[in-house]
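What follows is one structure encoded as structure tokens, with my remarks underneath.
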There are 2 protein chains.
Amino acid sequence: METSGVVFNQFPRGGFQLQALAERVSRDQEHLPVLPPLYNVVRDTASCSRSTYSPLQALSESTCRDHAAPAPPPPPPRVQESHSQVPNQSVTLHPAVARCSASLELSALWRSFHELGTEMIVTKAGRRMFPALQARLSGLLPNADYLLLVDFVPLDDKRYRYAFHSSSWVVAGKADPVSPPRIHVHPDSPAAGAHWMRQLVSFDKLKLTNNQLDDNGHIILNSMHRYQPRLHVVFLPGDGQSAPGTVPYRTFIFPETGFTAVTAYQNHRITQLKIASNPFAKGFRDCDPDDCPPEPGGQRAPRRREEGPLAQPYAAEPSAGGPLYAPHAHTVRYDTYI
Amino acid sequence: METSGVVFNQFPRGGFQLQALAERVSRDQEHLPVLPPLYNVVRDTASCSRSTYSPLQALSESTCRDHAAPAPPPPPPRVQESHSQVPNQSVTLHPAVARCSASLELSALWRSFHELGTEMIVTKAGRRMFPALQARLSGLLPNADYLLLVDFVPLDDKRYRYAFHSSSWVVAGKADPVSPPRIHVHPDSPAAGAHWMRQLVSFDKLKLTNNQLDDNGHIILNSMHRYQPRLHVVFLPGDGQSAPGTVPYRTFIFPETGFTAVTAYQNHRITQLKIASNPFAKGFRDCDPDDCPPEPGGQRAPRRREEGPLAQPYAAEPSAGGPLYAPHAHTVRYDTYI
DNA sequence: AGATTGACACCTAGGTGGTAATGT
DNA sequence: ACATTACCACCTAGGTGTCAATCT
């Protein structure tokens with residue numbers, strides 16, 4: 001099923017036309033900077049109403065933060081050299097995607113993680129993301145067919161290490177070599193616009209792995225590196241629906257979904273927030289079994305081991321390495337986010 | 001999503017073109033006899049090598065039984081009156097389906113159930129079939145797109161009752177009114193022929209319900225009625241792949257998959273075979289926990305309640321009602337059939 | 001009396017982080 | 001040192017038939 005360098009998790013449907021189209025989307029962007037002007041980048045509409053939006057700014061900081069918590073600035077995005085085929089001017093969108101927009105679901109939870117410096121576990125067998133990428137779509141043509149793709153681009157070309165003494169990430173060198181990029185195709189693809197817009201689109205089948213030889217179609221990432229997920233909405237032209245010279249897809253980036261891939265959690269507050277918000281980790285929660293599932297805002301007594309001064313007490317300054325947790329991160333409890 | 005009387009479990013993919021095509025397949029056959037000559041009926045190729053095959057005969061008895069067990073003859077198929085649009089002569093198949101064939105997986109298990117008189121539970125919330133319909137396909141064009149559909153046709157127009165005193169099914173009157181027919185679309189649809197042929201195609205998401213008002217897209221059946229599942233392989237023409245005047249689909253019927261819908265099992269030997277072969281029912285098996293999963297052929301000591309002469313000892317003659325279990329049905333133990 | 005429903009114990013299947021062992 | 005792995009207890013989620021209660 002690999003006709004080019006791009007590897008997909010699956011491509012049962014629609015045969016090879018779809019695969020070729022998805023490959024084109026991937027290739028178009030493969031050698032571009034993380035956020036080239038070509039991209040039709042749209043901000044998380046649920047959390048930000050800014051009409052003018054700078055893509056590069058979006059990745060370099062969280063531009064739309066409605067909390068007072070200090071914004072953890074990730075390192076500036078890498079700009080690669082090979083700008084092949086970058087039409088720097090505005091492009092004409094295919095009508096099927098011209099009015100398309102997407103909003104990130106659970107953006108408050110994502111922001112809570114982002115403020116601490118999101119970490120995502122990668123394992124040999126593949127690990128789901130938590131939170132999972134979920135989006136609400138609008139502006140699609142109900143009767144037109146679309147693919148929904150997710151891929152991951154490096155946020156920089158560095159390798160990181162977590163300094164426990166300062167509870168901060170520090171640069172540990174240049175990035176390791178990258179594996180051939182992989183793209184996750186939403187299992188419903190292709191589907192009509194009406195299907196995608198009917199309800200939340202969830203990428204909860206997507207799995208991350210650090211196994212460079214992975215055979216299951218999972219997304220291959222380097223541990224201790226930073227990544228930015230991207231959502232691509234790709235129009236699939238039917239008979240006579242092609243419009244040469246137009247761009248048939250749009251790419252959405254939600255900066256608060258950027259993360260560091262790890263094989264074990266480094267920042268203990270990330271661990272705690274995962275435990276508090278992921279229903280599958282309920283067994284690790286520090287609360288009585290009866291009233292354990294508290295609604296956001298509730299607060300309960302600890303049950304498991306009293307972890308006293310476990311690592312450093314959570315009070316450290318952001319260092320050059322990248323985002324740190326905010327000293328006064330939310331005490332909000334998340335219950336069921338799945 | 002309902003543009004005609006046909007209801008589908010889902011139709012996210014490929015938009016309305018696919019839905020229209022599937023509806024056509026359904027409508028073509030909706031008012032036909034159970035097995036009209038139009039159908040491209042193919043026998044379970046795994047269990048039968050007969051080259052000449054009579055569709056009507058296939059439903060009226062199990063024509064390809066390689067066991068000595070007495071064949072439980074189901075009631076003869078109903079022949080409806082409204083033979084609209086029945087080209088009684090042979091039709092020209094579209095090249096994309098001309099060489100298509102399908103074989104039933106787990107046909108030995110299906111036959112064991114069939115010999116006892118298969119029962120399938122229907123519930124308000126929807127119940128999976130066990131065994132699930134699974135088939136291996138061949139002869140598709142690897143790069144062409146296909147839909148895989150399953151629907152259910154009544155095997156007769158009768159209502160049944162199980163006579164416990166004689167351990168046999170008896171006719172209890174004329175069939176109840178039928179709900180609008182529903183079609184289960186395999187979730188992978190549409191997919192390339194290569195995808196369908198790569199591995200076993202399993203319809204384990206299909207659920208049966210007796211809730212006439214079901215709005216989960218499940219298959220609606222009448223309890224205490226007999227049904228025959230059908231598998232439709234539908235070619236989905238791409239640009240310029242249409243061939244007017246040809247039939248773009250084939251229908252496969254495996255007579256050993258016919259069953260009686262029930263809300264609770266009637267024949268106790270059916271219950272026992274389900275418990276012995278369905279891994280989810282392992283908790284009800286009559287064997288020691290350690291060596292409980294015996295390979296087919298093994299035999300173990302009972303663990304749960306000794307059920308002595310539970311109903312009548314299993315020895316009854318087939319009555320006019322339909323299939324009965326064979327008095328000497330297999331003692332083979334089935335382990336994991338999922 | 002027969003058919004249906006709902007609560008239940010008991011499974012499969014798989015997603016959590018913890019922890020100790022193992023690499024490197 | 002640090003990163004990774006394998007295994008584990010503990011969850012969620014949902015598929016089984018049983019049984020008692022209820023419906024018709």
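Reminder, nothing fancy here: chain letters follow the sequence lines and each chain counts from 1. These numbers come from the heavy atoms of this one structure, side chains and all, not from hydrogens, waters or symmetry mates.
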Inset, instruction - Specify the separation, in whole Å, of atom CZ of B:F280 and atom C1' of C:dA9. - result: 16 Å
Legend entry - For atom CZ of A:R285 and atom P of C:dG18, their distance in whole Å: 13 Å
Inset, instruction - Taking side chain to side chain contact (heavy atoms under 4.5 Å, CB included) as the test, write out the residues that go with A:A135, two or more places apart. - result: A:L231
Inset, instruction - Select one nucleotide: of D:dT12, C:dT5, D:dG17, the one nearest the side-chain heavy atoms of B:K124. - result: C:dT5
Legend entry - Nucleotide nearest A:K207 (side chain, heavy atoms from C-beta), chosen from C:dG15, C:dG17, D:dG17: C:dG15
Name the pairs: protein N/O against N/O of nucleotides 2-4 of chain C, kept only if under 3.5 Å.
from	atom 1	to	atom 2	distance (Å)
C:dT4	OP2	B:S223	OG	2.9
C:dT4	OP2	B:T263	OG1	2.8

Inset, instruction - Return the nearest nucleotide to the side chain of B:P279; candidates are D:dT12, D:dG17, C:dT12. - result: C:dT12
Inset, instruction - Using only side-chain N and O atoms of A:K274, determine if any of them is under 4.0 Å from OP1 or OP2 of C:dG17. - result: no
Legend entry - A:I121 CD1 to D:dA3 P, straight-line distance once rounded to whole Å: 13 Å
Inset, instruction - Scan for salt bridge (Lys or Arg N to Asp or Glu O under 4.0 Å) pairs involving residues 163-172 of chain A, sequence neighbours excluded, and state none if there are none. - result: none
Inset, instruction - Give the rounded distance in Å between these two atoms: CZ of B:F284 and P of C:dT12. - result: 12 Å
Inset, instruction - Can you tell me the distance, in whole Å, between the NE2 atom of B:H268 and the C1' atom of D:dT18? - result: 10 Å
Legend entry - Flag for B:T257-B:Q228: side-chain donor and acceptor within less than 3.5 Å: yes
Inset, instruction - Not counting sequence neighbours, which residues clear side chain to side chain contact (heavy atoms under 4.5 Å, CB included) with A:A163? List them please. - result: A:H165, A:S166, A:S168, A:V170
Inset, instruction - Using a heavy-atom cut-off of under 4.0 Å over every strand shown, decide if B:T271 touches base, sugar-phosphate, or nothing. - result: sugar-phosphate
Legend entry - Euclidean distance, atom CG of residue A:L213 to atom P of D:dT4 [Å, nearest integer]: 16 Å
Legend entry - Spacing of A:N216 atom CG relative to C:dG15 atom P, expressed in whole Å: 12 Å
Inset, instruction - Figure out the CD/P separation between A:Q272 and C:dT16, and round it to whole Å. - result: 18 Å
Inset, instruction - Using side-chain hydrogen bond (donor to acceptor under 3.5 Å, both in side chains) as the criterion, list what pairs up with B:H225, not counting sequence neighbours. - result: B:D176
Inset, instruction - Ignoring hydrogens and angles, answer whether the base of D:dG17 and the side-chain atoms of B:R127 contain a donor-acceptor pair closer than 3.5 Å. - result: yes
Inset, instruction - Establish, with yes or no, whether the OP1 or OP2 oxygen of D:dG17 is under 4.0 angstrom from a side-chain nitrogen or oxygen of B:K282. - result: no
Inset, instruction - Report the residues that fulfil side-chain hydrogen bond (donor to acceptor under 3.5 Å, both in side chains) with B:T263, sequence neighbours left out, ordered by chain and then residue number. - result: none
Inset, instruction - Could you tell me how the ring of A:F259 sits relative to the ring of A:Y227: parallel (under 30°), tilted (30 to 60°) or perpendicular (over 60°)? - result: tilted
